[in-house]
Amino acid sequence: KTCTFQIVFYMSTQEDNLCPSPLGLEKEYATLFTTDSLHFLHELISTFDEEVDEILQLRVSKKAQLDLTGDLPSFLESTTHIRRDPDWKVLPVPSRLQKRHVDIGDLAPCDTERFIKALLSPAQGIQVDFDDGNCPTYYNQIKGIYNVFKAVHNLFPNVPHISQAPVLMLRPRAWNMVEHNMMVEGKEAPGPLFDFGLLMFHCGKALFEQKSGPFFYLSKVEGYMEARLWNKIFVWTQQKLGLPLGSIKATVLIENVLAAFEMEEILYELQEHSAGLNCGIWDYSASFVNKFGHRPAFLLPDRHKYVNMEKHFLRSYMDLLVKTCHRRGALATGGMAALLLPEDPLSDAYRRVLASVTRLKLLEITAGVDGFMVYDLNLVEPMQKLFKGHSEGDNQLDQLRNDVTVFPEDLLSMPSGGVMLNGLKYNIAVGVLFINAWLSGKGHFFYKGQVEDSATAEISRSQVWQWVRHQTRLEDDGRVVSRQLVTDLIKELIMDLSPHLAQCSNIRKKGLLSQLEIDEVIAKRHFPDFITTYLNQDHTFLTQIFKPYLGLGSLNHY
């Protein structure tokens, strides 16, 4: 076990490096990393690598401009002609995307058992998630992409043919993530291009031939220039793989407040490749802290008490998204129900959870969405019945929402409210448990009756950082939310969180690391843009990934 990297392919000007196979995935590794697929990956990454860096730099530049000027975002003057032109529309989506009432969300495909259960479910689609609900260890990426390969090529026994199974909505990592295990021309590969390239090379043509794809979710897009880059990648990929223009369809998740002002332009850039837009709640809410969190006017109150899709800034965002999509012939989808149904369908708890999910999802259906996601497979059929009972046809594209007029101040209006001690504790707990999950190679976990992932970890740590920054007082007893208070609460909570931490090996070591990491993130002078980026670049996580290759052992199996 010496520190070596395997040279797996050679280009005329550059040797590119790929780490050897994780233990136990030799077959999967050999299937995915062929000479031809590596050549394709090299071309894809080297062609677009500089443009990926440019859009990341553009994000920094936009943020710096807002900070320096104190300005707020608005609808762009330079693209007024696009918004005012009533004639352009996106191309109609294929028949398999026309009806997407209920998708299964946050499904990390490395979880083979859950993936198979989802393929057997009556859901219209599956969000095959390499982003929010997935921890991008080398093992997980290879296992997950190989499982998609097996599903597409009908290699899972007793699972419906890919043309009959729920449609796969493939969600590669967002632009902020890199793949540590592959170097192209001396640089780590962009995570989304690694995922997208392998998925397209091995599955794109087969999905197209079965009229079942290739369909994607695009995470954390911040503006139309990023959509333009994705469109260029789609065009290039289709040409390289011999697929017709427009074969790839993508749903853009509007998870950032800046993107909310460019929704029409994002659809315009992806006209031939658009499957619509998606609105969620927690990544989007966290983006306010990311972009404006140091401004007192944008103090986001306790999310458990004061933040939901009925609040004006979120309802305006959803209404605008539906109106924008339907005006342009695109599908508009809503967020994910994270609540889990209790086992006993006759219990009061079961009825309460079902009633809560029903109320929130009915709000989205009434707003005109064409579908949404659930995590719990047992919610699929009840929510399909809800959709059928409150809408007509495969989608709601005829709901043009001409009653909606949204101004910049509607999108930027923070809800009133303060901070509760229980809300502070919950946010801290989610942060600790998410970091613990990542150190265990998992991208999500279960806590107090619902699934938590990077989106909820994002809003949780964002709020705590902001409350400390603004020395917010608790509504309960007037105490200031300080770093010391947070540190004390972390220590207090660890005992209560022990059963959740105990699901992993080396509980004491991982529990301590989780405490240290969340304390560090919350205390940062400058807000770390993404908790996933922060953890993915962190020495602790990198050591976990590379220990098997260094012969140093590891805390758990990757």
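Quick caveat, the model's predicted, so the values are computed rather than measured. When reading the values below, keep in mind they use all heavy atoms of this one structure, side chains included, and skip hydrogens, waters and symmetry mates.
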Could you pull out all donor-acceptor pairs under 3.5 Å where a side-chain atom in residues 198-206 meets a protein atom, sequence neighbours excluded?
from : atom 1 : to   : atom 2 : distance (Å)
H202 : NE2    : L32  : O      : 2.7
K205 : NZ     : L241 : O      : 3.1

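By the 4.0 Å N-to-carboxylate-O rule, K232 lies close enough to E51 to be salt-bridged with it. Salt bridge annotation for D53-K187: present, with a cationic side-chain nitrogen under 4.0 angstrom from a carboxylate oxygen. For K291 and E222, the salt-bridge test passes: some basic side-chain N is under 4.0 Å from an acidic carboxylate O. The residues R173 and D131 are annotated as not salt-bridged, no charged nitrogen and carboxylate oxygen being separated by less than 4.0 angstrom. Residues R171 and D132 are paired through a salt bridge, judged by an N-O separation under 4.0 Å between the basic side chain and the carboxylate. Look at R100 and D370 and you find no salt bridge, because none of the NZ, NE, NH1 or NH2 atoms lies under 4.0 Å from a carboxylate O.
Taken to the nearest 0.5 Å, the CG atom of L44 stands 12.0 Å off from the OG atom of S37. The CG atom of D111 sits 9.0 Å away from the NZ atom of K442 when rounded to the nearest 0.5 Å. How far CZ of R461 is from OH of Y534: 9.5 Å, rounded to the nearest 0.5 Å.
Under a 3.5 Å cut-off, the side chain of Q98 and the backbone N or O of N395 do not form any donor-acceptor pair. In this structure, the side chain of Q271 engages the main chain of Y268 through a donor-acceptor pair within 3.5 Å. Distance alone, capped at 3.5 Å, places no donor-acceptor pair between the Y139 side chain and the G441 backbone.
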Could you walk me through whether F434 and Y447 pass the ring pair (Phe, Tyr, Trp, His ring centres under 6.0 Å) test, one step at a time?
CA-CA 10 Å; F434 178 74; Y447 184 58; over 10 Å; no
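P109 places a side-chain heavy atom less than 4.5 Å from the side chain of V128.
You'll find the ring centres of F288 and W282 outside the 6.0 Å limit. Checked against the 6.0 Å centroid criterion, the rings of F130 and F194 do not qualify as a close aromatic pair.
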